[in-house]
Participant: 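Pasting a structure below so you can have a look.
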There are 2 protein chains.
Amino acid sequence: MSEQRRARLRLEISREAARLFWEQGVAATSGDQIAEAVSLSTRTIWRHFRSKESCAEPIVMQGVVTLMTVLRSWPRRSSLEDHLTTELTRLRLGHQTPPVDLADEMLAMKMIRLADTEPALRTAWLMAYDQVERAMCVIIGDRLERPADDLEVRMHAAGAAAAVRVLEEHIGAAVLAGADVTQFTDVTAVSRRFAHAIRTATGGVVGDPVA
Amino acid sequence: MSEQRRARLRLEISREAARLFWEQGVAATSGDQIAEAVSLSTRTIWRHFRSKESCAEPIVMQGVVTLMTVLRSWPRRSSLEDHLTTELTRLRLGHQTPPVDLADEMLAMKMIRLADTEPALRTAWLMAYDQVERAMCVIIGDRLERPADDLEVRMHAAGAAAAVRVLEEHIGAAVLAGADVTQFTDVTAVSRRFAHAIRTATGGVVGDPVA
DNA sequence: TTGCACCGTGTCACTTAGTGACGTACTGTC
DNA sequence: GACAGTACGTCACTAAGTGACACGGTGCAA
């Protein structure tokens, strides 16, 4: 089974699981229900996810993987702000890599919101960002010309990941609370916020162009 | 049941659970086994812990709570380094507040190590630091004279917590790998490391004395 | 001392998350 | 068109966790 196909299936399951979690709560939705919602056997669900909560991971990861992909292509010569704005506008304009479905983004925000009160989902959310942290390690290690498991690199990566996570939580909460969504569609403004978060969380070490 | 008594019981359960997790792996130890090890009924275990993995939380939190307590008493006029060194030496000398049993510290490190390979324990470890993050929010918010749920405060808190976590992971791994333990008994050196971690993770905003 | 209320724990029955074993059907390849 | 690989379904099973209720200890008032 191709990596892509597997990812798509996981996402599809995740979508239905998230919807059910939101509509009736995590505890109240059973594995059987999720299985039925995606027309699969329950056994197959557990073959693709190690636990019920982790069914939420793909949907919350979706928005994050774009950011990660963008960061991976960050050239040494440009600043974080510049790179984010150019790449994000490119993604927004040329739809060849459809960033993320809007409904999916809403679903992700709902999961983050649920994670506030449901410890089971909180673990899933934190585990998702644990992945982000690992990805950050190689990105930052690469930029600082140090091994990815270097202590300082790991600390910077952890800080950056945590800052991004909190920013994401904040945005999600704001949108769900009915805030003006247009402020999050301004690519330059959003880029600046993420860049600023990463900069300060790494003590200014990550953000500037490097030789 | 007094808060303290409840905490002590949780810690006792956690101790045995951690020992079993380390000796035979998480999957291989059952709730019944943990219960038997502390001479309680299985039902009582689930009354004190929401899941098997979370049994590890108190033991890994133990070392962290000292740091948190110390941070809570951080006076505005002193720098982070100074306060940490003075408080930690005071703790080390005056044993009236027994910091943490050495065996417990070793156990905690083992759990952190296990968390590297066992996703179930990783969630517990991350959840423990989620608590740290919340505590950091009020400490930093207080210091910056802002509400604890302010976005910037939360980002700084998240960064600081993450940095401390990685440092803790690093120290744990080093000790278990047989590194020279004496370098971690030098209070000033350790204080400097933690202070430096928090400083850079907060972009230098948290660390200096404030008016 | 008796009586009462409270609460932490044990017992037992029950639900459900998650796994192992095996059969089947689909897919691509020679 | 036979064959290997593998994703999925079925079924039986283990174990994590919960609900309901009974028991026993502690504190307090009469």
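Quick caveat: nothing in here was measured; it's all calculated off a predicted structure. Letters A, B, ... mirror the listed sequences (proteins, then strands); counts begin at 1.
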Participant: Got a sec, which pairs hit salt bridge (charged side-chain N to carboxylate O under 4.0 Å, His left out) with one end in residues 103-121 of chain A, sequence neighbours left out?
Facilitator: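 Output for this query lists A:Arg15-A:Asp104.
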Participant: Under the ring-ring contact (aromatic ring centres under 6.0 Å, His included) rule, collect the residues that match up with B:Tyr129, sequence neighbours excluded.
Facilitator: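 Residues passing ring-ring contact (aromatic ring centres under 6.0 Å, His included) with B:Tyr129: B:Trp125.
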Participant: Figure out the CZ/C1' separation between B:Arg5 and D:dG25, and round it to whole Å.
Facilitator: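 The answer, rounded to whole Å, is 11 Å.
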Participant: Using a 4.0 Å cut-off on protein heavy atoms (strictly under), produce a 5'-to-3' string for nucleotides 13-20 of chain D with B for base contact, S for backbone-only sugar-phosphate contact, and - for none.
Facilitator: ---SBBB-
Participant: Not counting sequence neighbours, which residues clear salt bridge (charged side-chain N to carboxylate O under 4.0 Å, His left out) with B:Arg72? List them please.
Facilitator: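 Salt bridge (charged side-chain N to carboxylate O under 4.0 Å, His left out) check on B:Arg72 returns nothing, list empty.
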Participant: Can any side-chain N or O of A:Thr42 pair as donor or acceptor with the backbone N or O of A:Gly31 at less than 3.5 Å?
Facilitator: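 Not a single qualifying donor-acceptor pair exists.
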Participant: In residues 172-183 of chain B, what donor-acceptor pairs under 3.5 Å come from side-chain atoms, sequence neighbours left out?
Facilitator:
residue  : atom : partner  : partner atom : Å
B:Asp180 : OD1  : B:Thr182 : N            : 3.3
B:Asp180 : OD1  : B:Thr182 : OG1          : 2.9
B:Asp180 : OD2  : B:Thr182 : OG1          : 2.7
B:Gln183 : NE2  : B:Asp180 : O            : 3.1

Participant: Rounded off to whole Å, could you give me the CZ-to-P distance for the B:Arg10 and C:dG8 pair?
Facilitator: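 Rounded to whole Å, this separation is 14 Å.
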Participant: Tell me the interatomic distance from B:Ile45, atom CD1, to C:dT9, atom P, rounded to whole angstroms.
Facilitator: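 About 10 Å, once rounded to whole Å.
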Participant: When you measure from the side-chain N and O atoms of B:Thr44 to the phosphate of C:dG10, is any distance below 4.0 Å, counting only OP1 and OP2?
Facilitator: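 Yes, B:Thr44 has a side-chain N/O under 4.0 Å of OP1/OP2 on C:dG10.
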Participant: Go through the structure and list residues passing side chain to side chain contact (heavy atoms under 4.5 Å, CB included) with B:Arg146, not counting sequence neighbours.
Facilitator: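 B:Leu144, B:Asp150, B:Glu152, B:Val153.
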Participant: For the pair made of CD1 in A:Ile13 and P in D:dA7, what is the distance, rounded to whole Å?
Facilitator: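 Atom-to-atom, A:Ile13 to D:dA7, this comes out as 13 Å.
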Participant: Would you say a side-chain N or O of B:His48 is under 4.0 Å from OP1 or OP2 of C:dG8?
Facilitator: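 False: B:His48 side-chain N/O out of range (4.0 Å or more) of C:dG8 OP1/OP2.
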